[in-house]
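All remarks here apply to the structure that follows.
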Amino acid sequence: MHLSEINEVISEVSEMLNAWSENYDIYFSTSFNVTGGEPFLHQDIFKILEEIKRKEFDIYILSNGTLINRERAKRLLDLAVKGVQVSIEGPENVHESIRGKGSFYSSLEGIQNLLEAGIKVTLNVTLSEINADYFMDIVALSSSLGVHRLGFSRLVPSGRGKRLFNKMISKERAKEIYEKMYSLNINGLEITTGDPVASQMTIHSNENDSGSVPKGGCAAGISGLTLLPDGTIMPCRRLNVPIGNVRKDSLREVWVSSEVLQQLRDKEIYKGKCGICRRWATCRGCRAIAYAHSGDLLTEDPQCFITEI
């Protein structure tokens, strides 16, 4: 998409949310997560960020960190970027086995530039059998770098990740890692995850958990959309199910009328464990992992380790 088209989309999102807020008296925590690929490869990245700021959205960036020099870090601070997430997959040898030779220290340099500029930094690790044994090494690295947060997500075997299908961790391994994660208490380092299954470990189940109205958990179809460089709209950046294109479709109409989004919001048609779980409203599993693993958008999350349903 050209810069003018991107700016039009930003304006459309702003107008849509303002209308909903005024008409339905709803408060929105509005933000753009700018990612890629690698967002700093885009020649107009700072013009895009300037337009997002002008429309008063919070800005978060997901990057590999390798292209963030001091000047760019300072420009991000000037744009009031709320945080930058940098992908680190483990110690040097592990990280570079996934992301390429020489990438580890380039990422660390980018992280240091961000920290020196005063930007809030989150390291993010995509958990798989490749790096699961290095959990504590990653925690130690995060602490030594002085980043603010360490986040974890599970491998979604789609796109380039398809070749790592057999490297998905088991649900038993996932539970073990998340239990260890939540037991840590390291001064100055917040350990977090957006994984809807992992979040259930901090939510006490009770009778009020049952319900058919989503109030947390997987964001797909509920609290955001993903736009690809060619304008394709998807429920989330890891859920490769096109539901329209902003070059020809109204975002408002897609949000309201997309059959895929309606399915994601309907508890009655979910399958397997997710279909009968009383934690559905606050979880729903990871739809991207369920789809990549089985080809079925609505089946159960294969790595769910929650036994109480």
Side-chain angles (χ1 to χ4, degrees), residues 1-21 26-88 107 109-126 142 145-151 153 190 192-194 219-220 222-239 246 251-252 255:
M1 293 176 64
H2 299 297
L3 179 61
S4 59
E5 293 177 297
I6 294 172
N7 287 343
E8 287 176 7
V9 171
I10 296 169
S11 294
E12 181 183 0
V13 174
S14 178
E15 292 166 5
M16 177 178 70
L17 295 179
N18 286 338
W20 285 347
S21 180
I26 300 173
Y27 169 76
F28 294 97
S29 178
T30 56
S31 65
F32 274 82
N33 294 324
V34 182
T35 183
E38 171 49 50
F40 289 99
L41 287 173
H42 198 294
Q43 62 180 4
D44 293 321
I45 182 60
F46 283 100
K47 292 179 181 179
I48 294 169
L49 298 180
E50 286 166 2
E51 181 64 14
I52 294 173
K53 180 187 178 185
R54 194 175 73 82
K55 293 297 185 181
E56 300 184 341
F57 289 96
D58 288 342
I59 303 172
Y60 296 89
I61 296 175
L62 286 66
S63 168
N64 63 29
T66 61
L67 300 178
I68 303 177
N69 56 28
R70 290 182 178 177
E71 179 185 355
R72 284 177 169 172
K74 175 61 167 58
R75 292 184 71 179
L76 295 179
L77 180 68
D78 293 340
L79 286 165
V81 168
K82 293 290 186 178
V84 177
Q85 176 181 295
V86 179
S87 299
I88 293 290
S107 293
E109 184 176 351
I111 291 167
Q112 192 60 42
N113 290 334
L114 290 166
L115 292 173
E116 289 178 357
I119 302 288
K120 187 172 183 178
V121 178
T122 299
L123 295 195
N124 189 74
V125 183
T126 301
S142 302
L145 289 172
V147 300
H148 304 81
R149 305 173 76 195
L150 172 60
S153 56
E190 179 185 353
T192 184
T193 178
I222 307 301
S223 60
L225 292 171
T226 290
L227 306 181
L228 299 187
D230 66 355
T232 297
I233 309 168
M234 300 200 307
C236 95
R237 66 190 180 96
R238 294 189 175 96
L239 184 51
V246 291
L251 276 174
R252 189 179 307 196
W255 184 258

Out of curiosity, [X] [atom1] to [Y] [atom2], how far, rounded to the nearest 0.5 Å?
X      : Y      : atom1 : atom2 : result
Leu77  : Leu79  : CG    : CG    : 9.0 Å
Arg149 : Asn124 : CZ    : CG    : 10.0 Å
Leu228 : Met234 : CG    : CE    : 4.5 Å
Met1   : Asp44  : CE    : CG    : 12.0 Å
Ile10  : Lys55  : CD1   : NZ    : 9.0 Å
Gln85  : Leu150 : CD    : CG    : 10.0 Å

Item to check | Pairs involving residues 223-234, ordered by first then second residue, that meet side chain to side chain donor-acceptor pair (under 3.5 Å) (sequence neighbours left out) | outcome: Asp230-Thr232
Next on the checklist: I need the single residue from Leu251, Val13, Ile6 that forms a side chain to side chain contact (heavy atoms under 4.5 Å, CB included) with Leu227. Which is it?
Outcome noted: Leu251
Next on the checklist: For His148, run the side chain to side chain contact (heavy atoms under 4.5 Å, CB included) check against Leu123, Thr122, Ile119, Leu115 and tell me which one passes.
Outcome noted: Leu115
Next on the checklist: If we ignore hydrogens and angles and just use 3.5 Å, is the side chain of Ser107 paired with the main-chain N or O of Asn64 as donor and acceptor?
Outcome noted: yes
Next on the checklist: For the backbone of Leu17 and the side chain of Ser21, can you confirm whether one donor and one acceptor N or O come within less than 3.5 Å of each other?
Outcome noted: no
Checklist outcome for this item: The side chain to side chain donor-acceptor pair (under 3.5 Å) partners of Arg70 (sequence neighbours excluded) come to none
Item to check | Set of residues satisfying side chain to side chain donor-acceptor pair (under 3.5 Å) with respect to Glu5, sequence neighbours excluded | outcome: Arg247
What are the two closest non-hydrogen atoms of [X] and [Y], and how far apart are they?
X     : Y     : value
Ile68 : Ser63 : CD1-OG, 3.9 Å
Lys53 : Asp78 : NZ-O, 3.2 Å
Phe46 : Leu76 : CE2-CD2, 3.7 Å

Not counting sequence neighbours, which residues clear side chain to side chain contact (heavy atoms under 4.5 Å, CB included) with [X]? List them please.
X     : answer
Ile45 : Val34, Pro39, Phe40, His42, Leu49
Glu8  : none
Asn33 : Tyr60, Leu62

Item to check | Derivation and outcome, side chain to side chain contact (heavy atoms under 4.5 Å, CB included), residues Ile111 and Ile88 | outcome: CA-CA 10 Å; Ile111 291 167; Ile88 293 290; 4.3 Å; yes
Item to check | Heavy-atom neighbours of Glu50 CD exceed 12 at 6.0 Å | outcome: yes
Next on the checklist: Under the criterion side chain to side chain contact (heavy atoms under 4.5 Å, CB included), I'd like the reasoning laid out for Thr126 against Ser87: C-alpha separation, chi angles, the key distance, then a yes or no.
Outcome noted: CA-CA 8 Å; Thr126 301; Ser87 299; 5.9 Å; no
Checklist entry - Step by step, would you call Ile48 with Phe32 a side chain to side chain contact (heavy atoms under 4.5 Å, CB included)? => result CA-CA 11 Å; Ile48 294 169; Phe32 274 82; over 6 Å; no
Checklist entry - Would you call Arg54 and Glu51 a salt bridge, using N to O less than 4.0 angstrom? => result yes
